[in-house]
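Only one structure is covered here, and it is reproduced in the block below.
Below, chain A is the first sequence line, B the second, and so on; all start at residue 1.
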2 protein chains.
Amino acid sequence: MRPLQDPAPDLPPETERDAATKAAVLAAAERLFAMRGLRCVSVRDITAEAGVNLASVNYHFGSKDALVFEIFRRRTAELSRDRARMLHEAISRHDGKPPVREILAALMEPPLRWSNPANVRRIAMQFIIRARSEGSDAVREIIRTDVSHLRPFAEALMTALPHLPPEEVYWRLHFTLGMIHNNRFAEFDRLHALSDGITRDSDVDALLKRMLDFAEAGFLH
Amino acid sequence: MRPLQDPAPDLPPETERDAATKAAVLAAAERLFAMRGLRCVSVRDITAEAGVNLASVNYHFGSKDALVFEIFRRRTAELSRDRARMLHEAISRHDGKPPVREILAALMEPPLRWSNPANVRRIAMQFIIRARSEGSDAVREIIRTDVSHLRPFAEALMTALPHLPPEEVYWRLHFTLGMIHNNRFAEFDRLHALSDGITRDSDVDALLKRMLDFAEAGFLH
DNA sequence: TCACTTTCCAAACGATCGTTCGAATGCCCG
DNA sequence: CGGGCATTCGAACGATCGTTTGGAAAGTGA
């Protein structure tokens, strides 16, 4: 028996008494999904990796899709909390009217920091990116319809840019989200191949600055 | 028997003698893949839709993955040709040194026009977007390594922005590609949900102008 | 201790998938 | 007409998948 091999980064056990199996499944599933993709990981792979019985996934989560959805729900909620906290701090710092750059930073910095190789959230971030494009109908429905976490950002941007029609703010926010969501391994690999490697030695802070410069200019032009 | 492997590497289907079955499979597969996703379409779905025998896919293409790769190869080559033509026209118009905006337009306009509901290439564009994120290892390898079609754009941008370090040009090109690749149905749906629908009545030309404004500002800031 | 619930387990089920095979069919050319 | 291919066809193979099942084991409370 090997209940867990890694300190189970987090994924809070919440109110459950004995959730060792559940936590092991969650951790193993997230890691395998992030590395190989949702469809290329079977329930057998997950349970073998977690050292639990094959039926555990269906017993604890109902189905494989429900497991994916559960991880996705937890991680996106966590990411949204990080972003909301940064936005709130920016709002507090600037008496309710933060500048565009700080609003965009609250949107960009959490996912970028999560993606950092030294960050324990790296796997979680990679999973979110995978699930966004490979997820089930339920996941895609959440992405399509749940925009509540973006509302405060849209409102803050409209407050910071009162002269700009709301329609423009929404479109530019859409473009910015496109920039953020493009930070996948394959895309970075392509960028490095295109630039003959000169883009490779760029750390998170430098990337964040570049993204902020680019998006801020797009908003303020 | 396996009589052929790849008889016409780069020739359009019109040059082959009897390619009715092959063409029917290609068309049906592209349409189904674009609508439902690569993994959610079986070889049986494709052959049933095309009105051909189940074994046709393996006989004419070798495997399902090879079929996906073939469609992807054809369509991306076509898209790259469209982009290269626009870039070449811009270069001709400006004596070898086109402005940033026209370079970006050559990159953005073809995929945006293809995505237009009135365009016959709409399905093809949707397929490309699907294959980019759901494709096999071969497809992903092509995306990661084949950057030849982007080189002329990077060079044109460096010529137009001689004061900017090449590293910056590459990064900003990466951001711009992220904006372009983000134009999926689900992302638009989310944008419209966030904006309460006020972004919905935006045609291709208006979207192109907005994207160009945003990216141009990001490059010129 | 005992009854009861929760969790775990090995095994199998049913379905779907990509692929292969051998025979039948169509087709071109001598 | 008839041999030589290329193609099509129905049928099946082998593998993998998510899920289910019935009973064993562990935990719980009195």
For this session: Look at the side-chain N and O atoms of B/T21 and state whether any lies under 4.0 Å from the OP1 or OP2 oxygen of D/dT8.
Result: yes
Exercise. Between B/H60 and D/dA6, is there a side-chain N or O to OP1/OP2 distance below 4.0 Å?
Worked result: no
Every protein N/O within reach of nucleotides 18-21 of chain D N/O, cut-off under 3.5 Å:
unit_1, atom_1, unit_2, atom_2, d
D/dG18, OP1, A/K64, NZ, 2.6
D/dG18, OP2, A/V43, N, 2.8
D/dG18, N7, A/R44, NH1, 2.8
D/dG18, O6, A/R44, NH2, 2.7
D/dT19, OP2, A/N58, ND2, 3.4
D/dT19, OP2, A/K64, N, 2.8
D/dT19, O5', A/N58, ND2, 3.2

For this session: Using whole Å, report how far CZ of B/F33 lies from C1' of C/dG18.
Result: 12 Å
Exercise. Between C/dC8 atom P and A/K22 atom NZ, what is the distance in whole Å?
Worked result: 11 Å
Exercise. Within 45° of the axis and under 6.0 Å from the centre of the six-membered ring of B/F61, does NZ or CZ of B/K22 qualify?
Worked result: yes
For this session: Apply the test side chain to side chain donor-acceptor pair (under 3.5 Å) to residues B/D45 and B/S42: give CA-CA distance (whole Å), side-chain angles for both, the deciding distance (0.1 Å), then the verdict.
Result: CA-CA 5 Å; B/D45 292 333; B/S42 66; 3.2 Å; yes
Problem set entry | Name of the residue among A/E30, A/M35, A/R75 meeting side-chain contact (heavy atoms from CB on, under 4.5 Å) with A/I123 | A/E30
Exercise. Judged by modelled atom types alone, do A/S202 and A/R210 share a side-chain donor-acceptor pair under 3.5 Å?
Worked result: yes
Exercise. Got more than 12 heavy atoms from elsewhere within 6.0 Å of NE2, A/H88?
Worked result: no
Problem set entry | Worked check of ring pair (Phe, Tyr, Trp, His ring centres under 6.0 Å) between B/H174 and A/F188 | CA-CA 8 Å; B/H174 170 74; A/F188 281 136; 5.4 Å; yes
